[in-house]
Amino acid sequence: MKISTNNDLVILGGTFDPIHYGHLRAVEEVRQALKTAEVMLIPAGHPPHRKSPWAAAQHRLAMTRIAVAHHPRFAVSDLEVRREGPSYTVDTLRALRQERPDALLAMVIGMDAFLRFDTWRDWQQILELTHLIVTGRPGWPAAELPEALRQTLYQRRCDDINQLREQPAGFIFFQTITALEISATSIRSLLANSQSPRFLLPDEVLDYIESKGLYQSP
Ligand code: ATP
């Protein structure tokens with residue numbers, strides 16, 4: 001079945017604490033590789049996989065919105081920030097899939113996150129709801145995969161991004177992206193040490209951080 005392209009969505013979830021050019025460039029490259037797709041950025045409310053974010057959800061949501069304000073192909077969802085309790089990706093994808101039953105959904109995750117993907121809640125179900133686009137990231141070589149994940153990869157891997165158009169969900173594709181060795185951790189650390197992270201993230205996001213006095217202590 002060839003699927004409709006109108007509602008196609010490249011999805012990137014993250015703590016975005018703060019959002020930076022590593023995130024933005026990764027999804028932009030995937031969007032272009034998929035040709036017509038739009039991007040949805042979904043800041044996590046209460047991520048189950050890591051210690052609490054440094055900045056409050058409302059600030060992370062605001063920074064994410066500011067980062068893409070001038071880019072109409074990029075939308076920001078407050079779905080996870082509004083939801084009570086921990087943010088589970090599977091719940092978010094169920095909600096998106098209900099809104100777009102036939103659309104191609106392609107969730108981007110970095111290789112670092114993919115190596116732990118089998119610990120995500122209902123991870124097999126996630127693959128029924130979306131394609132997975134695993135992006136290469138500096139400093140995270142593809143190490144040994146857990147057995148269950150290796151088997152799933154064997155069944156679902158595809159080597160041609162155009163194959164993703166054949167069904168709305170279910171493939172795993174590895175996309176090489178421009179390696180930008182930027183992390184939110186390093187940006188927070190620069191700020192905590194009174195150094196500027198300028199040019200690692202959009203100026204408008206940095207202005208917001210400074211105006212709200214975020215990330216000033218480690
Ligand atoms: P932190 O340093 O606080 O852990 P982070 O910079 O890794 O944060 P997240 O919000 O945790 O950012 O990342 C969200 C998603 O973006 C993850 O899938 C992650 O792999 C990916 N990502 C983060 N930084 C980059 C980068 N520089 N290049 C490509 N992908 C990235």
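What you see below is based on every heavy atom in this structure, not just the backbone, and it leaves out hydrogens, waters and symmetry mates. All ligand and atom numbering here is 1-based and tracks the order in the structure.
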request  = Pull out every atom of ligand 1 sitting under 4.0 Å from any heavy atom of Gly14, numbered as shown with elements.
outcome  = 10 (O), 14 (C)
inquiry  = Between Gln151 and Gln155, do the side chains contain a donor N or O and an acceptor N or O under 3.5 Å apart?
reply    = no
remark   = Asp112 heavy atoms within 4.0 Å reach ligand 1 at atoms 20 (O)
query = So, for Phe16 and His23, is the gap between ring centers shorter than 6.0 Å?
reply = yes
inquiry  = Please enumerate all residues that pass salt bridge (charged side-chain N to carboxylate O under 4.0 Å, His left out) together with Asp122, with sequence neighbours excluded.
reply    = Arg94
ask   = Any chance CD of Glu147 has more than 12 other-residue heavy atoms, nucleotides or ligands included, within less than 6.0 Å?
value = yes
ask   = Non-hydrogen atoms of His20 versus ligand 1: any pair closer than 4.0 Å?
value = yes
key: Backbone or side-chain N or O of Thr135 under 3.5 Å from ligand 1 N or O   = no
ask   = For ligand 1, is there an N or O atom under 3.5 Å from any N or O atom of Phe16?
value = yes
ask   = Going by the order shown, which atoms of ligand 1 are within less than 4.0 Å of some heavy atom of Ile177?
value = 29 (C)
message = Please tell me whether Thr92 and Arg83 have a donor and an acceptor in their side chains that are separated by less than 3.5 angstrom.
response = yes
Atom indices of ligand 1, in the order listed, that fall short of 4.0 Å to a heavy atom of Ile182 = 24 (N), 26 (C), 27 (N)
inquiry  = Using a 4.0 Å cutoff against the non-hydrogen atoms of Gly13, which atoms of ligand 1 qualify?
reply    = 14 (C), 15 (C)
message = Quick check on side chain to side chain contact (heavy atoms under 4.5 Å, CB included): which of Val134, Ile109, Leu164 does Ile172 satisfy it with?
response = Val134
key: Rounded distance [0.5 Å steps], CG in Asp102 versus CD in Gln167   = 13.5 Å
request  = Would you mind listing which atoms of ligand 1 come within a distance below 4.0 Å of any non-hydrogen atom of Ser183?
outcome  = 2 (O), 6 (O)
query = Does ligand 1 have an atom that lies less than 4.0 angstrom from a heavy atom of Arg188?
reply = yes
ask   = Taking the minimum heavy-atom distance to atom 5 (P) of ligand 1, which of Ala184, Ala44, Ser189 ranks first?
value = Ala184
query = Any chance the side chains of Glu128 and Gln124 put a donor and an acceptor closer than 3.5 Å?
reply = no
query = Does ligand 1 have any atom sitting under 4.0 Å from a heavy atom of Ile109?
reply = yes
inquiry  = Pairs of nitrogen or oxygen atoms closer than 3.5 Å, one from Gly110 and one from ligand 1: do any exist?
reply    = yes
Ligand 1 atoms in contact with Thr15 (distance to a heavy atom under 4.0 Å) = 9 (P), 10 (O), 11 (O)
ask   = Is there a heavy atom of Ala179 sitting under 4.0 angstrom from any atom of ligand 1?
value = no
query = Which one of Leu180, Leu24, Leu200 has a non-hydrogen atom at the shortest distance from atom 27 (N) of ligand 1?
reply = Leu180
query = Among Arg165, Arg73, Arg100, which one satisfies salt bridge (charged side-chain N to carboxylate O under 4.0 Å, His left out) with Asp8?
reply = Arg165
query = Do the two ring centres, one from Phe114 and one from Phe174, sit under 6.0 Å apart?
reply = yes
request  = Could you list the residues that satisfy salt bridge (charged side-chain N to carboxylate O under 4.0 Å, His left out) with Arg157, not counting sequence neighbours?
outcome  = Asp159
note = For Thr185, the ligand 1 atoms with a heavy-atom partner under 4.0 Å come out as 1 (P), 2 (O), 3 (O), 4 (O)
